[in-house]
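Below is one structure. I have some questions about it.
Just so it is clear, the values below take in all heavy atoms, side chains as well, and ignore hydrogens, waters and symmetry mates. Counting convention: from 1, in listed order, for ligands and their atoms alike. Along the sequence shown, the residues carry numbers beginning at 1. Computed from a predicted model, the values in this text were never measured in an experiment.
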Amino acid sequence: MAQTLTILGLESSCDDTAAAVVRQGRGAAEILSSIVYGQTELHSAFGGVVPELAARAHAEKIDICVAEAMARAGVGFTDLDAVAVTAGPGLIGGVLSGVMCAKGLAAATGLPLIGVNHLAGHALTPRLTDGAAFPYLMLLVSGGHCQYLVARGSEDFTRLGGTIDDAPGEAFDKAARLLGLAQPGGPSVEVEAKAGDPKRFRFPRPLLDRDDCNLSFSGLKTALMRTRDQIVTEKGGLTRTDRADLCAGFQQAIVDVLAGKTRRALRLYLEDKPQAPLLAVAGGVAANSAIRSGLETVCAETGVTFTAPPLRLCTDNAAMIAYAGIERFRAGARDDLSLAARPRWPLDRTSPSLIGGGKKGAKA
Ligand code: KG4
Ligand code: ZN
């Protein structure tokens with residue numbers, strides 16, 4: 001019988017300070033608590049996450065977050081089996097806040113310490129929510145990440161491809177800024193797009209003609225800026241309809257690119273003949289209903305099940321870190337006080353790096 005494990009997880013790699021307690025016995029894992037303190041307001045005036053402000057806010061909030069997660073879960077430190085913490089990749093000041101806090105807790109309580117790769121946290125979420133069996137295909141789409149991963153084991157991931165520049169959430173955020181819409185841009189653009197005509201403006205579908213799983217989103221933003229400027233030059237400004245049509249055309253381009261690249265990624269994944277083929281998405285962009293239905297359609301064509309975890313577990317959270325900690329613990333992994341915080345930490349060490357660090361930290 002599998003040992004029942006109760007693990008406290010800490011996450012602070014970008015702009016969410018989070019702590020959670022997750023327990024797993026023989027059956028499904030149970031989230032006993034999951035606390036997230038977002039920093040959206042703190043950074044809103046700057047048009048992106050300011051690393052120094054983020055790090056300071058994490059350092060201020062992380063212990064409060066831990067106390068709240070423990071209280072909400074109704075557990076004490078003697079009920080825990082380990083402390084798991086995001087040790088990278090991400091904005092280094094933030095990662096350090098979490099790692100230092102976790103080391104302090106481990107040193108004071110004698111609990112084992114487990115460093116978790118943030119991307120593994122996202123990538124293992126379908127096992128926490130749906131008990132997904134390996135191997136499954138994972139599409140990570142957020143403000144900081146964009147990659148296709150085949151998850152074969154809790155430490156065994158193959159990256160099929162990813163963005164060579166911006167992440168899709170970053171593209172949505174920049175588009176919203178160009179059109180004077182509120183941040184975060186994804187939800188604002190989606191709302192506008194609902195009333196728009198996706199065919200009025202034709203945006204490029206970058207890299208769709210290339211037979212690989214790599215993506216590019218930065219050119220889309222430039223195309224949007226050019227089209228906007230052209231309308232402004234011709235008519236002196238944007239009407240509500242212009243804005244809605246721009247959003248609809250922009251969103252449709254992202255839907256088409258993700259659908260097309262997912263078709264390719266699925267073809268590669270299906271070569272392994274998985275018994276229960278599954279595509280899972282994670283990341284804030286997975287909240288977009290046009291993107292979800294585009295992915296669902298592609299899955300239906302190929303007889304692959306589609307799953308998207310609830311949004312609170314798609315976006316950054318510590319339950320996924322605690323759960324990944326459980327999987328690492330079961331695999332015998334233990335870290336000690338020499339655990340390092342890493343700005344970069346690719347999940348698939350055999351794949352070459354696709355890009356440099358982005359606004360929200362390293363993406364691959
Ligand atoms: O996963 P997340 O909370 O944080 C990281 O980036 O790690 O994702 C946030 C991103 C933002 O860029 C936001 O604009 C985007 O997800 N997003 C969306 C939607 N909701 C959030 N993008 C498109 N459509 C949405 N409905
Ligand atoms: Zn993330």
Side-chain angles (χ1 to χ4, degrees), residues 9-18 34 36-40 43-44 47-49 51 54 58 86-91 94-95 98 116-125 138-147 149 162-163 166-179 181-194 217-218 220-221 247-248 250-255 257-258 281-295 308-321 323-324 343 345 347 357-364:
L10 273 64
E11 156 64 35
S12 57
S13 64
C14 186
D15 56 354
D16 292 297
T17 316
S34 180
V36 180
Y37 281 99
Q39 301 177 353
T40 309
H43 305 288
S44 62
V49 178
H58 285 307
T86 300
L91 298 172
V95 179
V116 169
N117 182 312
H118 176 85
L119 300 172
H122 279 303
L124 294 172
T125 299
M138 177 87 215
L139 169 58
L140 268 180
V141 271
S142 72
H145 330 291
C146 182
Q147 49 187 291
L149 293 163
T163 184
D166 290 353
E170 216 171 339
F172 273 109
D173 294 343
K174 286 176 181 171
R177 222 166 288 136
L178 286 170
L179 298 175
L181 302 171
Q183 294 294 321
S188 315
V189 172
E190 181 173 12
V191 168
E192 290 286 322
K194 284 211 168 85
F217 295 101
S218 73
L220 266 175
K221 153 205 75 194
C247 285
F250 180 84
Q251 179 177 273
Q252 191 58 47
I254 294 186
V255 170
V257 167
L258 287 172
V281 278
V285 179
N288 186 290
S289 49
I291 291 175
R292 271 183 196 237
S293 68
L295 296 174
L311 194 59
R312 71 197 156 78
L313 294 172
C314 268
T315 54
D316 286 352
N317 66 89
M320 68 179 189
I321 303 303
Y323 178 74
W345 187 359
L347 266 188
K359 259 206 166 135
K360 293 192 162 195
K363 290 173 202 127

Give the atom numbers and elements of ligand 1 that come within less than 4.0 Å of a heavy atom of Thr315.
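By the 4.0 Å cutoff, the relevant atoms are 1 (O), 3 (O).
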
Within-shell test, Cys14 vs ligand 1, heavy atom, strictly < 4.0 Å:
no

Please list, in number order, the atoms of ligand 1 under 4.0 Å from a heavy atom of Gly144.
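That gives atoms 6 (O) of ligand 1.
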
Report the member of Gly283, Ala282, Gly143 with the shortest heavy-atom distance to atom 5 (C) of ligand 1.
Gly143

Gly185 heavy atoms within 4.0 Å reach ligand 1 at atoms 14 (O)

Asp316 OD1 to His145 NE2 via the Zn ion (ligand 2), rounded to 10°, gives 170°

Option nearest atom 11 (C) of ligand 1 (shortest heavy-atom distance, choices Asp15, Leu311, Asp173, Thr40)
Asp173

Main chain of Asp173, side chain of Gln183: is a donor-acceptor contact present, judged purely on distance under 3.5 Å?
yes

Donor-acceptor check, side chain of Asp16 to backbone of Cys14, threshold 3.5 angstrom: yes or no?
no

If only atom types and distance count, is the side chain of Asp316 paired as donor or acceptor with the main-chain N or O of Glu11 below 3.5 Å?
no

Side chain or backbone, does His122 bring an N or O within less than 3.5 Å of an N or O on ligand 1?
no

Parallel, tilted or perpendicular, as decided by the 30° and 60° cut-offs, for the rings of His118 and His145
tilted

Give a yes or no answer on whether the side chain of Ser12 reaches the backbone of Gly94 with a donor-acceptor pair at less than 3.5 Å.
yes

Can you tell me how far the CD atom of Gln39 sits from the OG1 atom of Thr17, to the nearest 0.5 Å?
4.5 Å

Tell me whether Ser188 contacts the main-chain N or O of Ala182 through its side chain, where contact means a donor paired with an acceptor under 3.5 Å.
yes

Are any of the N/O atoms on Gly169, whether in the backbone or the side chain, positioned under 3.5 angstrom from an N/O atom of ligand 1?
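Yes.
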
Under a 4.5 Å cut-off applied to non-hydrogen side-chain atoms, are Leu119 and Trp345 in contact?
no

Please could you name the atoms of ligand 1 that Asp316 approaches to less than 4.0 Å, counting only its heavy atoms?
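The atoms of ligand 1 under 4.0 Å from a heavy atom of Asp316 are 7 (O).
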
Give the atom numbers and elements of ligand 1 that come within less than 4.0 Å of a heavy atom of Ser142.
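So the answer, numbered in order with elements, is 1 (O), 5 (C), 6 (O), 7 (O), 8 (O).
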
Min N/O separation Cys314 to ligand 1 under 3.5 Å:
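For ligand 1, there is no N or O atom that lies under 3.5 Å from one belonging to Cys314.
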
As an exercise, state the distance from CG of Leu91 to NE2 of His58, rounded to the nearest 0.5 Å.
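Between Leu91 CG and His58 NE2, I get 7.5 Å after rounding to 0.5 Å.
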
Examine Asp16 against ligand 1 and note whether any of their N/O atoms are separated by less than 3.5 Å.
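No - when backbone and side-chain N and O of Asp16 are compared with those of ligand 1, no distance drops under 3.5 Å.
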
